[in-house]
Amino acid sequence: EAQVTQNPRYLITVTGKKLTVTCSQNMNHEYMSWYRQDPGLGLRQIYYSMNVEVTDKGDVPEGYKVSRKEKRNFPLILESPSPNQTSLYFCASSWSVGTDTQYFGPGTRLTVL
Amino acid sequence: GENVEQHPSTLSVQEGDSAVIKCTYSDSASNYFPWYKQELGKRPQLIIDIRSNVGEKKDQRIAVTLNKTAKHFSLHITETQPEDSAVYFCAASNSGGSNYKLTFGKGTLLTVNP
């Protein structure tokens with residue numbers, strides 16, 4: 001089954017404790033992206049990757065890191081989480097960014113205390 | 001960078017009525033405009049998209065129109081049903097440029113009352 005998976009789905013952590021949210025897709029998509037969703041702000045792009053070892057900042061990259069060492073995986077790293085990073089996070093993938101459907105993962109609800 | 005404005009933020013209609021959601025964008029180079037539907041507690045899913053060489057596209061009860069001159073595009077849902085209740089997001093991107101970002105509007109919460 002073609003899908004995008006994320007783990008964990010729910011996470012409660014404390015300020016400053018490094019964490020990683022994993023994202024994996026099995027559709028051989030080149031483009032992957034991370035978004036955060038906050039009430040009233042819609043979906044805002046954090047980082048995106050056009051292919052292996054190619055990543056770039058989205059609109060809200062501060063406080064986040066990503067890596068793309070394999071085509072299927074695109075982990076999101078929070079080196080020192082802060083309460084303002086409490087949010088719902090979605091990973092997405094597509095063949096390309098321009099004219100293709102973005103397939104979203106199920107989401108990760110993160111709470112930073 | 002691109003800025004996408006979406007209106008209204010909430011929309012309530014009676015079952016069977018039509019619903020219209022409007023978006024404007026700022027980057028004249030944008031040429032791809034998808035619409036995503038997000039049901040409560042679920043992930044966004046593409047429902048329809050339009051490219052800049054097309055003025056209108058329909059898929060059953062859903063249609064999207066694009067006015068490149070005015071830089072706005074709209075989602076039209078006819079004969080609304082309760083299962084159409086969801087948050088709808090518009091988005092814009094430039095598929096041929098150096099900016100590979102997909103910029104979303106802030107969303108419209110559509111409620112269809114039985």
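Of the listed residues (Pro44(B), Gly107(B), Gly41(B), Gly105(B)), the one with the most heavy-atom contacts under 4.5 Å to chain A is Pro44(B). Ranking Leu88(A), Asp59(A), Leu43(A) against chain B, the residue ahead of the rest is Leu43(A), based on heavy-atom pairs under 4.5 Å. When each of Gly40(A), Gly42(A), Ala92(A) is checked for heavy-atom pairs under 4.5 Å with chain B, Gly42(A) comes out on top.
Other residues, nucleotides and ligands contribute at most 12 non-hydrogen atoms within 6.0 Å of the CD atom of Gln45(B). Heavy-atom neighbours of Ile12(A) CD1 from other residues, nucleotides or ligands within 6.0 Å: at or below the threshold of 12. In Glu83(B), the CD atom is crowded: over 12 heavy atoms of neighbouring residues, nucleotides or ligands sit closer than 6.0 Å. For Lys37(B), the NZ atom counts as densely surrounded, since its 6.0 Å shell holds more than 12 non-hydrogen atoms of other residues, nucleotides or ligands. Environment of NZ in Lys71(A): crowded, with over 12 heavy atoms of neighbouring residues, nucleotides or ligands closer than 6.0 Å. Annotation: Glu79(B), atom CD; neighbour count of heavy atoms from other residues, nucleotides and ligands within 6.0 Å does not exceed 12.
Among residues two or more places apart in sequence or in another chain, the ring-ring contact (aromatic ring centres under 6.0 Å, His included) test is passed with Phe89(B) by none. Residues passing the side-chain hydrogen bond (donor to acceptor under 3.5 Å, both in side chains) test with Asn84(A), sequence neighbours excluded: Ser82(A).
Listed for the Tyr35(A) side chain is no donor-acceptor partner under 3.5 Å among the backbone atoms of Phe104(B).
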Audit row: Leu102(B), Tyr48(A), side chain to side chain contact (heavy atoms under 4.5 Å, CB included) steps and yes/no: CA-CA 10 Å; Leu102(B) 183 64; Tyr48(A) 62 92; over 6 Å; no
Could you pull out every donor-acceptor pair under 3.5 Å between side chains of residues 103-113 of chain A and any protein atom, sequence neighbours left out?
| from | atom 1 | to | atom 2 | distance (Å) |
| --- | --- | --- | --- | --- |
| Thr108(A) | OG1 | Gln6(A) | NE2 | 3.1 |
| Thr108(A) | OG1 | Pro8(A) | O | 2.6 |

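Only the side chain of Tyr36(B) comes within contact range of chain A, with heavy atoms under 4.5 Å apart.
Across all non-hydrogen atoms, the minimal contact from Phe90(A) to Lys42(B) is CZ-O, 4.1 Å.
Residues from residues 18-27 of chain A never place a non-hydrogen atom less than 4.5 Å from a non-hydrogen atom of chain B.
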